[in-house]
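Just so it is clear, the values below take in all heavy atoms, side chains as well, and ignore hydrogens, waters and symmetry mates. Here is the naming used below: chain letters follow the sequence lines, and residue numbers restart at 1 for every chain.
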Amino acid sequence: MAEKKPVIVRFYRFKNRLKEKTAGLAPGKVTISPEALEAAEEALHKMAEDYPDWVSGLIVKLQEQHGRCVDTPEKRRDCFEEINRIAHDMKGQGGTFGYPLITTVSDSLYGFTQSREEISDNQVELVKAHLDAMRAVIRGRVSGSGGDIGQKLIEGLNQAILKYSKK
Amino acid sequence: MSDYDFDRLNVLLAEDSPFIRSLLVNSLKVLGVGNVYAVEHGGDAIHFLQRVKNEPMRVGVQQIDIVISNWDMHPVDGMMFLRWVRRHKDSPDRFVPFMMITSYTEPERVLQAREMGVTEMLAKPFTIKNIGEKLISIIERPRQFVHTKDFFGPDRRRQKLDHDGPERRVLTDKSEGVEIIRG
C-alpha cells in the first residue's frame with residue numbers, strides 16, 4: 001500500500017441547506033420582506049421606550065439590597081453579590097438604548113462590588129452614591145453622553161468614589 | 001424577487017440580560033423565525049445542545065440552524081461556548097453558523113473570535129437591519145470550513161480578489177496534504 005501523506009489542511013464544502021430551508025428552490029433574489037423588517041424595527045423601538053421603566057425597576061431592587069446592607073451588616077456579602085449581579089445586567093445594555101451613562105455608572109458599581117473580604121460602611125455609602133447617579137440619569141432622561149448634566153453627574157460620582165474609598 | 005421564509009429555522013439564543021434576551025426573541029419572531037430557544041448563558045446553551053444531540057425527540061428539535069450568543073456572560077461566556085461548539089467531541093454540529101453579539105469591537109477582540117471560528121459578529125448597539133444583514137450573510141454567503149493543526153472554523157478569507165501575478169500559493173485543491181470533504 002502506498003504511503004499516504006499526512007493531511008495538512010482539510011476543506012469542508014457543504015451544500016447550502018440553510019438556503020434551501022429558507023429560500024426554497026425558487027430562482028431569483030430573495031430578501032427579508034420590508035414589512036417584516038419594519039414591524040421588527042417598530043417592536044424594537046417600543047421596547048427601547050420601556051427601557052427607562054425597566055431600569056427603574058432594577059434601581060428599586062438595588063435600593064432594597066442597599067437597605068439590607070445598612071440594616072443587617074452581617075449579610076453584606078450576600079447583598080453585594082446580588083448588587084454585583086444586577087449591575088452586570090445593567091451595564092450590558094445601557095448603550096443599546098441610548099443611555100451610555102447607565103452603562104458607565106453600573107460598570108463602576110459592578111467593579112467595586114466584586115467579591116471582597118470585608119465590606120465597610122463607606123463601601124455601602126458608595127453603593128448609594130451610584131444609585132443616586134443612576135436615578136438622576138433616568139429621572140432626567142439623560143440620554144447620550146448627557147452634555148453638561150452628564151458631565152456633572154459623573155464628576156459627582158467620582159468625588160464620592162474618592163471620598164469613600166479612603167476606608 | 002421573493003421573501004425568505006424563516007418559519008422552519010431553529011435558532012438557539014444565549015443572552016444573560018433578560019431585557020436584551022426578550023428583545024432579541026421578539027425581534028427574531030417578528031422577522032418570522034419559527035423557533036427561538038433562549039437560554040441564559042453559555043453553560044445552559046451547551047447543556048441544551050447536548051440534549052439536542054442525545055434526546056432530540058424530547059427537546060422537540062432535531063438540529064439547531066443558527067446560534068446567536070452574547071460574548072460577555074457569566075459563568076460561561078460566549079467565547080467558551082464557541083470553543084465548545086467548534087471543538088468539543090460532544091458538540092452536535094461543529095459547523096453550525098455562530099453569531100457573536102458583543103460591545104467589544106476592538107480589532108483584537110474581533111480577531112480573537114475569528115480565530116475561534118466565529119461566523120458573524122453583531123456589534124452592540126444593534127438595529128434590526130444589522131440582524132437581518134447578518135442572517136442574510138449566513139444564508140447567502142456560507143464559507144467553506146478550514147481545518148488545520150491550529151485552526152478550525154469558517155474560512156477567514158471572505159473575499160475572492162482578482163490577482164494578476166503568478167499563482168504562488170503553496171497548496172491548491174489538488175496538492176498532496178489537501179483533503180476536500182463534500183457533503
K.L.:
Salt bridge check, A:D132 against A:K128: does any charged N sit closer than 4.0 Å to a carboxylate O?
P.N.:
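Answer for the salt bridge query: yes.
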
K.L.:
Can you tell me which portion of B:N26 sits under 4.5 Å from chain A's heavy atoms? Options are side chain, backbone, both or neither.
P.N.:
side chain

K.L.:
Which atoms of B:S175 come close to chain A, meaning under 4.5 Å heavy atom to heavy atom: side chain ones, backbone ones, both, or neither?
P.N.:
neither

K.L.:
What part of B:I180 gets closer than 4.5 Å to chain A, counting heavy atoms only: side chain, backbone, both or neither?
P.N.:
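Both the backbone and the side chain of B:I180 come within 4.5 Å of chain A.
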
K.L.:
Who among A:K46, A:K19, A:E42, A:E41 has the most heavy-atom pairs with chain B under 4.5 Å?
P.N.:
A:E41

K.L.:
Between A:E49 and A:R141, is the closest basic N to carboxylate O distance under 4.0 Å?
P.N.:
no

K.L.:
Give, as side chain, backbone, both or neither, the part of B:F151 having an atom under 4.5 angstrom from any heavy atom of chain A.
P.N.:
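Contact with chain A: none, neither part.
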
K.L.:
Which bit of B:P97 comes within less than 4.5 Å of chain A, counting heavy atoms only: side chain, backbone, both or neither?
P.N.:
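It is the side chain, since no backbone atom gets that close.
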
K.L.:
Under a 4.5 Å cutoff for heavy-atom pairs, which residue among B:H74, B:M73, B:R143, B:K149 has the most contacts with chain A?
P.N.:
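Of the candidates given, the most pairs with chain A belong to B:H74.
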
K.L.:
Minimum heavy-atom separation for A:M134 to A:L62, with atom names?
P.N.:
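Between these two residues, the closest heavy atoms are SD-CD1, 4.0 Å.
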
K.L.:
Give a yes or no on whether a salt bridge exists between B:K129 and B:E133, defined as a side-chain N under 4.0 angstrom from a carboxylate O.
P.N.:
yes

K.L.:
Pick one of side chain, backbone, both or neither for A:R17, based on which atoms fall under 4.5 Å of a heavy atom in chain B.
P.N.:
side chain

K.L.:
With respect to chain B, which residue among A:I8, A:V9, A:N16 yields the maximal number of heavy-atom pairs within a distance under 4.5 Å?
P.N.:
A:V9

K.L.:
Any salt bridge between A:K61 and A:D89, counting N to O under 4.0 Å?
P.N.:
no

K.L.:
Side chain from CB out, backbone as N, CA, C, O: work out which of these in A:H45 comes under 4.5 Å of a heavy atom of chain B, or both, or neither.
P.N.:
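Contact with chain B: none, neither part.
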
K.L.:
Quick one: does A:L18's side chain get under 4.5 Å of B:I66's, heavy atoms only?
P.N.:
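Yes, side chains in contact.
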
K.L.:
Could you go step by step and tell me if B:F98 and B:F81 meet the ring-ring contact (aromatic ring centres under 6.0 Å, His included) rule?
P.N.:
CA-CA 10 Å; B:F98 196 110; B:F81 175 36; 5.3 Å; yes

K.L.:
Is B:D7 close to chain A through its backbone or its side chain, or both, or neither, when contacts mean heavy atoms under 4.5 Å?
P.N.:
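No part of B:D7 comes within 4.5 Å of chain A.
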
K.L.:
Flag the pair B:R83 and B:D77 as a salt bridge only when some basic side-chain nitrogen lies within less than 4.0 angstrom of an acidic carboxylate oxygen.
P.N.:
no

